[in-house]
Amino acid sequence: MCSVVARPNSTVFRTPALADHDARWFVERGFSEVQSLVMLRRDTGPFTSHVEAPRLSHYSWRKLASRRNDSVAGAVLRLDETAFPSPWHLTKDAFGRACRATDDHVVIVAPEPTDSLRGELGGFALVGRTAQSAYLQRLAVHPSARRHGVASRLVRDCLAWAHDGGANELFVNTEPSNEPALHLYRSLGFVTVPERLRVLEREAG
């Protein structure tokens with residue numbers, strides 16, 4: 001369940017974002033909170049993605065990790081590192097585990113909206129679904145692509161994918177200080193869930 005995170009002078013076990021009742025088990029075993037997150041929720045439908053050009057591309061992790069799509073996978077991981085500075089970005093293995101954490105998933109990729117990116121992605125989203133609930137696990141937009149509607153297009157497409165797959169709700173979390181993300185989600189109809197989530201860590205060994 002935990003990720004192994006290597007740091008310059010230590011290695012730590014890190015939990016995913018947990019509700020209080022799940023976090024308690026880890027706290028009792030020496031884990032400490034390193035991040036508190038706000039959770040938001042929205043009904044998925046009826047909701048369809050706007051038809052816009054250029055179109056967004058959909059990949060499973062198996063397809064994305066194939067040799068044929070090496071360049072796309074590399075661009076996704078580079079953008080993840082840009083959007084989530086150390087120690088919060090994901091390695092290739094950790095990204096794969098995040099994709100497999102739910103029964104079904106898709107990585108939605110937005111091409112560059114401007115010429116300044118020189119072949120890099122405009123953004124990507126990772127969304128997973130289990131039963132009737134879907135989870136926007138990762139959303140990243142290239143700094144040079146912000147204010148071009150990339151994030152809202154990605155979230156709308158996540159909602160449409162979740163709805164088409166039978167999910168009736170989509171959850172997302174972000175840091176309480178991340179005002180741009182909170183504004184984005186609320187502008188798209190998400191509402192805050194009372195319970196916050198917690199990420200915990202403990203040194204390995």
Side-chain angles (χ1 to χ4, degrees), residues 16-19 35-59 72 75-86 88-90 95 98-99 101-102 105-114 116-117 120-130 132-165 167-199:
L18 301 172
Q35 189 179 40
S36 175
L37 299 166
V38 176
M39 184 161 57
L40 302 98
R41 176 197 176 278
R42 189 201 192 280
D43 291 340
T44 61
F47 197 97
T48 56
S49 179
H50 289 184
V51 178
E52 300 182 46
R55 288 185 174 274
L56 306 179
S57 300
H58 288 199
Y59 297 88
V72 182
V76 166
L77 293 173
R78 287 194 301 274
L79 179 51
D80 190 81
E81 186 171 2
T82 298
F84 301 96
S86 181
W88 300 109
H89 63 270
L90 299 177
F95 199 98
C99 290
T102 53
H105 73 276
V106 66
V107 180
I108 304 172
V109 173
E112 57 183 276
T114 68
S116 64
L117 297 186
E120 293 298 310
L121 298 179
F124 78 85
L126 166 59
V127 58
R129 180 185 60 81
T130 298
Q132 294 182 317
S133 296
Y135 307 89
L136 177 48
Q137 298 164 260
R138 211 77 170 167
L139 176 67
V141 175
H142 195 283
S144 298
R146 290 170 187 167
R147 301 187 182 278
H148 287 273
V150 174
S152 60
R153 287 178 58 206
L154 286 166
V155 176
R156 289 174 185 274
D157 209 58
C158 289
L159 286 160
W161 176 87
H163 180 257
D164 291 347
N168 56 28
E169 58 185 354
L170 177 67
F171 292 94
V172 65
N173 61 65
T174 189
E175 292 183 323
S177 60
N178 192 343
E179 291 297 335
L182 291 170
H183 176 76
L184 167 69
Y185 297 131
R186 288 167 179 160
S187 73
L188 293 172
F190 285 80
V191 296
T192 302
V193 175
E195 185 172 20
R196 291 200 175 191
L197 300 177
R198 306 162 65 189
V199 178

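Predicted, not measured: the structure shown is a model, and the values here were computed from it. Both backbone and side-chain heavy atoms feed into the values below; hydrogens, waters and symmetry mates do not.
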Next on the checklist: Apply side chain to side chain contact (heavy atoms under 4.5 Å, CB included) to residues L170 and F190 and explain how you reach the verdict.
Outcome noted: CA-CA 9 Å; L170 177 67; F190 285 80; 3.8 Å; yes
Checklist entry - What's the verdict on side chain to side chain contact (heavy atoms under 4.5 Å, CB included) for F84 and L90, showing C-alpha distance, side-chain angles and the deciding distance? => result CA-CA 8 Å; F84 301 96; L90 299 177; over 6 Å; no
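Residue L40 is tested with V191, N173, V172 for a side-chain contact (heavy atoms from CB on, under 4.5 Å); the sole match is V172. For the side-chain contact (heavy atoms from CB on, under 4.5 Å) with H58, the qualifying choice from V107, D157, V109 is D157, the only one to do so.
Separating the CG atom in L126 from the SG atom in C158 is a distance of 8.5 Å, to the nearest 0.5 Å. Of the inter-residue distances, the one linking L159 atom CG with L154 atom CG reads 11.5 Å to the nearest 0.5 angstrom. Atom NE2 of residue H89 and atom CG of residue L77 lie 9.5 Å apart, to the nearest 0.5 angstrom. Separating the OG1 atom in T192 from the CZ atom in R186 is a distance of 4.0 Å, to the nearest 0.5 Å. Between the CG atom of L121 and the CG atom of D80 there is a distance of 11.5 Å, given to the nearest 0.5 Å. From L136, atom CG reaches atom CZ of R41 across 14.5 Å, with rounding to the nearest 0.5 Å.
Checking Q35 against E175 by side-chain atom types alone, a donor-acceptor pair falls below 3.5 Å.
The shortest heavy-atom contact between P176 and L37 is CD-CA, 4.3 Å. Minimum interatomic distance between A19 and E195 (heavy atoms only, all atoms of both residues): CB-OE2, 3.4 Å. Closest approach of S187 to L184, counting heavy atoms only: OG-O, 2.6 Å. Contact between L188 and S152 at its shortest, heavy atoms only, is CD1-CA, 4.2 Å. Across all non-hydrogen atoms, the minimal contact from V150 to A110 is CG1-CB, 3.9 Å. When all heavy atoms of V127 and Q137 are compared, the closest pair comes out as C-OE1, 3.9 Å.
Remark: the backbone N or O of T130 is not paired with any side-chain donor or acceptor of S133 at under 3.5 angstrom. Judged by distance alone, with hydrogens and angles left aside, the side-chain atoms of H142 form a donor-acceptor pair with the main-chain N or O of S144 at under 3.5 Å. Although no hydrogens or angles enter the test, the distance criterion places no donor-acceptor pair under 3.5 Å between the side chain of E120 and the main chain of L79. Of the possible donor and acceptor atoms, none in the side chain of H163 sits under 3.5 Å from a partner among the backbone N and O of T44.
Taking 4.0 Å as the cut-off between side-chain N and carboxylate O, R42 and E169 do not count as a salt-bridged pair.
Using a 4.5 Å heavy-atom cutoff, the side chains of V199 and W88 are in contact. By the 4.5 Å heavy-atom criterion applied to side chains, L18 and L197 are not counted as neighbours.
No close placement of the F171 and Y185 rings is indicated, their centers lying 6.0 Å or farther apart.
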